[in-house]
Amino acid sequence: MSDTSSGKVVVNRSMSLDGFIAGPGDAMDWIFDFVAPDEFPEIAAATGAMLVGRRTRDVGDRMEAEHPGSTDYPFSGPTFVLTHSPPEPPDPDVTYLTGDIGEAVATALEAADGKNLEILGADVAGQCLRRGLVDEILVYVMPVLLGDGIRFSPPGLPRIDLEPVSSSRSRDVTILRFHVRK
Ligand SMILES: NC(=O)c1ccc[n+]([C@@H]2O[C@H](COP(=O)([O-])OP(=O)(O)OC[C@H]3O[C@@H](n4cnc5c(N)ncnc54)[C@H](OP(=O)(O)O)[C@@H]3O)[C@@H](O)[C@H]2O)c1
């Protein structure tokens, strides 16, 4: 997807060491034991748009209702939510998309206006990986084993080879960046 005029398509995840991005019942509170939502502002600054699965959006809305400020990622660009059933009334801050994942990524990447597009949601990321649409995977590995929950990607993906780009540590969190080989 990358060329000189467009940003990268990035799957950006907080993950337990055993590969879960949410605990049982979509639990996300464990992440904030180790990292604050606004801890890596340079990543948010490099992001021009987000393409979000409807389940991720619902969990985020629930977290925000229960704990105001808990999803305060410092990002204010265009957000696209993939769903077959947009809510009524729709959220005016969101553009709802449905159907072909390639078209959705192209639309959201164009809206990112040269910055990166972040892909949120395991199901949505799996579709993007399967179609070869992801340029980069950025994982924040948390020092915890969750044992159960939502995996990084759904079962059934073919083997996908990655090229390590960088690894670093920020307090308790290990940050791994990979380029997706195509
Ligand atoms: N740890 C992290 O960094 C991180 C990041 C993101 C998400 N998460 C967690 O991951 C979990 C959600 O992931 P998930 O895999 O269950 O769900 P998801 O990918 O967020 O959303 C899946 C939903 O998106 C819609 N959708 C997907 N592809 C579509 C398409 N091509 N056209 C139309 N609609 C489409 C469908 O919604 P409809 O049923 O409405 O059609 C589908 O049920 C949550 O627990 C969330 O908190 C964690």
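Both counts, for ligands and for their atoms, begin at 1 and track the order of listing.
- Of the possible polar contacts, none joining the K8 side chain to the L117 backbone as a donor-acceptor pair under 3.5 Å is found.
- Using a 4.5 Å heavy-atom threshold, the side chains of S166 and R177 count as touching.
- Looking at E118, R54, Q127, it is R54 that brings a heavy atom closest to atom 39 (O) of ligand 1.
- Considering only non-hydrogen protein atoms, atom 46 (C) of ligand 1 sits nearest to T56 OG1, 3.9 Å.
- With hydrogens left out, the protein atom closest to atom 31 (N) of ligand 1 is G99 O, 2.7 Å, a heavy atom.
- Nearest protein heavy-atom contact of atom 10 (O) of ligand 1 is I21 CD1, 3.5 Å.
- Short contacts between ligand 1 and A122, defined as distances under 4.0 Å to a heavy atom of the residue, involve ligand atoms 13 (O), 14 (P), 15 (O), 19 (O).
- Heavy atoms of A22 found under 4.0 angstrom from ligand 1 belong exclusively to the side chain.
- For atom 3 (O) of ligand 1, the nearest non-hydrogen atom of the protein is S14 N, 2.9 Å.
- The closest side-chain heavy-atom distance from F80 to M50 is not below 4.5 Å.
- Considering V165, I137, L138, V141 in turn, V141 is the only one that fulfils the side chain to side chain contact (heavy atoms under 4.5 Å, CB included) rule with L176.
- From the protein, the heavy atom lying nearest to atom 5 (C) of ligand 1 is R13 CD, 3.8 Å.
- Counting the atoms of ligand 1 from 1 in the order shown, those under 4.0 Å from a heavy atom of V124 are 19 (O), 27 (C).
- The shell of residues lying under 4.0 angstrom from ligand 1, judged by heavy atoms, excludes V81.
- In this structure, the protein non-hydrogen atom closest to atom 6 (C) of ligand 1 is G121 N, 3.6 Å.
- Taking a 4.0 Å cut-off on heavy atoms, T98 registers as neighbouring ligand 1.
- No donor-acceptor distance shorter than 3.5 angstrom exists from the side chain of T174 to the backbone of R169, with no hydrogens or angles considered.
- Atom CD of E64 is surrounded by more than 12 heavy atoms from other residues, nucleotides or ligands within 6.0 Å.
- Atoms of ligand 1 found under 4.0 Å from any heavy atom of D26 (numbered from 1 in listed order, with element): 44 (C), 45 (O).
- In terms of N/O distances under 3.5 Å, ligand 1 is not approached by L120.
- An N or O contact shorter than 3.5 Å is missing between I31 and ligand 1 by distance.
- Considering backbone and side-chain atoms together, N12 places no N or O closer than 3.5 Å to any N or O of ligand 1.
- Annotation: R55 places an N or O atom under 3.5 Å from an N or O atom of ligand 1; distance criterion only.
- Only the side chain of M28 comes within 4.0 Å of ligand 1, counting heavy atoms alone; its backbone N, CA, C and O stay farther away.
- The distance criterion of under 3.5 Å between nitrogen or oxygen atoms is not met by W30 with respect to ligand 1.
- Linking ILVMFWY side-chain heavy atoms closer than 4.5 Å, directly or via other members, places V180 and F152 in a single hydrophobic cluster.
- Side-chain atoms of R55 never come within 3.5 Å of backbone atoms of R57 as a donor-acceptor pair (strictly under, hydrogens ignored).
- Judged by distance alone, with hydrogens and angles left aside, the side-chain atoms of D135 form a donor-acceptor pair with the main-chain N or O of V9 at under 3.5 Å.
- With E163 contributing its side chain and H179 its backbone, the two residues share no donor-acceptor pair below 3.5 Å.
- Among V52, L82, L51, the residue whose heavy atom lies nearest to atom 26 (N) of ligand 1 is L82.
- No donor-acceptor pair under 3.5 Å is formed between the side chain of S14 and the backbone N or O of I31.
- At the shortest separation from atom 40 (O) of ligand 1 among protein heavy atoms lies T83 OG1, 2.5 Å.
- Closest to atom 22 (C) of ligand 1 by heavy atom, among D58, V59, I150, D123, is D123.
- Between the side chains of E118 and Y73, at least one donor-acceptor pair of N or O atoms lies under 3.5 Å.
- A donor-acceptor contact shorter than 3.5 Å links the side chain of R13 to the backbone of G121.
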